[in-house]
Amino acid sequence: MAKTIKGETLKGFKFELDPAVLDDYELFEDIANVEKNPMLAPSILRKVLGEEQKNRLVNFCRSEDGKAKIADVTAEMSAIFTSVNELKNS
């Protein structure tokens, strides 16, 4: 079994994932199509982080008014992918 990837975004969201989740053709398709169809973002998050961590991320991004802005969640999602790529290449 591959080693778990643990990381933290610049804003402080801590995550952990099994690198095997990244070797999924359907995830690959979703990532390739997310710019044309932003509605794929929640599915990508769920596939990469799992339901529990996805919910933690959404709660992490909540502002004082209780809303998790799409821009904040997708920025953290981008930061997670950047962090994972850097951790895999180090």
Side-chain angles (χ1 to χ4, degrees):
M1 183 173 166
K3 196 173 186 179
T4 300
I5 297 174
K6 295 180 183 182
E8 183 173 349
T9 65
L10 291 175
K11 290 190 177 182
F13 179 74
K14 294 178 182 176
F15 63 90
E16 183 174 337
L17 59 94
D18 178 348
V21 302
L22 302 174
D23 189 21
D24 174 356
Y25 183 78
E26 290 172 339
L27 174 63
F28 176 73
E29 275 189 330
D30 287 351
I31 292 169
N33 291 312
V34 74
E35 283 191 36
K36 290 184 280 185
N37 184 1
M39 300 299 285
L40 292 170
S43 173
I44 293 169
L45 276 176
R46 194 173 298 108
K47 286 176 181 175
V48 172
L49 296 178
E51 191 68 27
E52 184 180 321
Q53 284 191 104
K54 178 200 69 96
N55 291 337
R56 262 194 331 104
L57 175 62
V58 171
N59 286 328
F60 178 83
C61 292
R62 284 192 198 287
S63 59
E64 290 181 14
D65 66 1
K67 294 183 180 175
K69 294 184 175 149
I70 295 168
D72 293 341
V73 175
T74 56
E76 285 299 288
M77 182 172 91
S78 241
I80 289 168
F81 277 105
T82 298
S83 179
V84 166
N85 283 333
E86 289 171 357
L87 290 168
K88 282 176 58 179
N89 293 328
S90 63

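- Heavy-atom minimum distance, D65 versus K67: OD1-N, 3.0 Å.
- K14 and Q53 make their closest contact through O-OE1, 4.3 Å (heavy atoms, listed as atom of the first residue, atom of the second, distance).
- Considering every non-hydrogen atom in both A41 and M77, the closest pair reads O-SD, 4.0 Å.
- With hydrogens and angles ignored, the 3.5 Å screen pairs no side-chain donor or acceptor of S83 with any backbone N or O of A79.
- Using a 30° and 60° split on the angle between ring planes, F13 and F15 fall in the parallel class, below 30°.
- Distance check, rounded to the nearest 0.5 Å: CD of E26 to CD1 of I44 gives 12.5 Å.
- Minimum heavy-atom separation, R62 to G66: NH1-O, 3.0 Å.
- Rounded to the nearest 0.5 Å, atoms CD1 (I31) and NZ (K47) are 9.0 Å apart.
- Atom CG of D24 and atom CD of E29 lie 9.5 Å apart (nearest 0.5 Å).
- The distance from the CG atom of N37 to the OG atom of S43 is 10.0 Å, given to the nearest 0.5 Å.
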Stepwise side chain to side chain contact (heavy atoms under 4.5 Å, CB included) check, V34 with T74: CA-CA 11 Å; V34 74; T74 56; over 6 Å; no
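- Put simply, CD on E35 and CG on L40 are 11.5 Å apart, with the number rounded to the nearest 0.5 Å.
- The 12-atom threshold is not exceeded at CG of D23, counting heavy atoms of other residues, nucleotides or ligands nearer than 6.0 Å.
- Note that the CG atom of L45 and the CD atom of E76 stand 10.5 Å from one another [nearest 0.5 Å].
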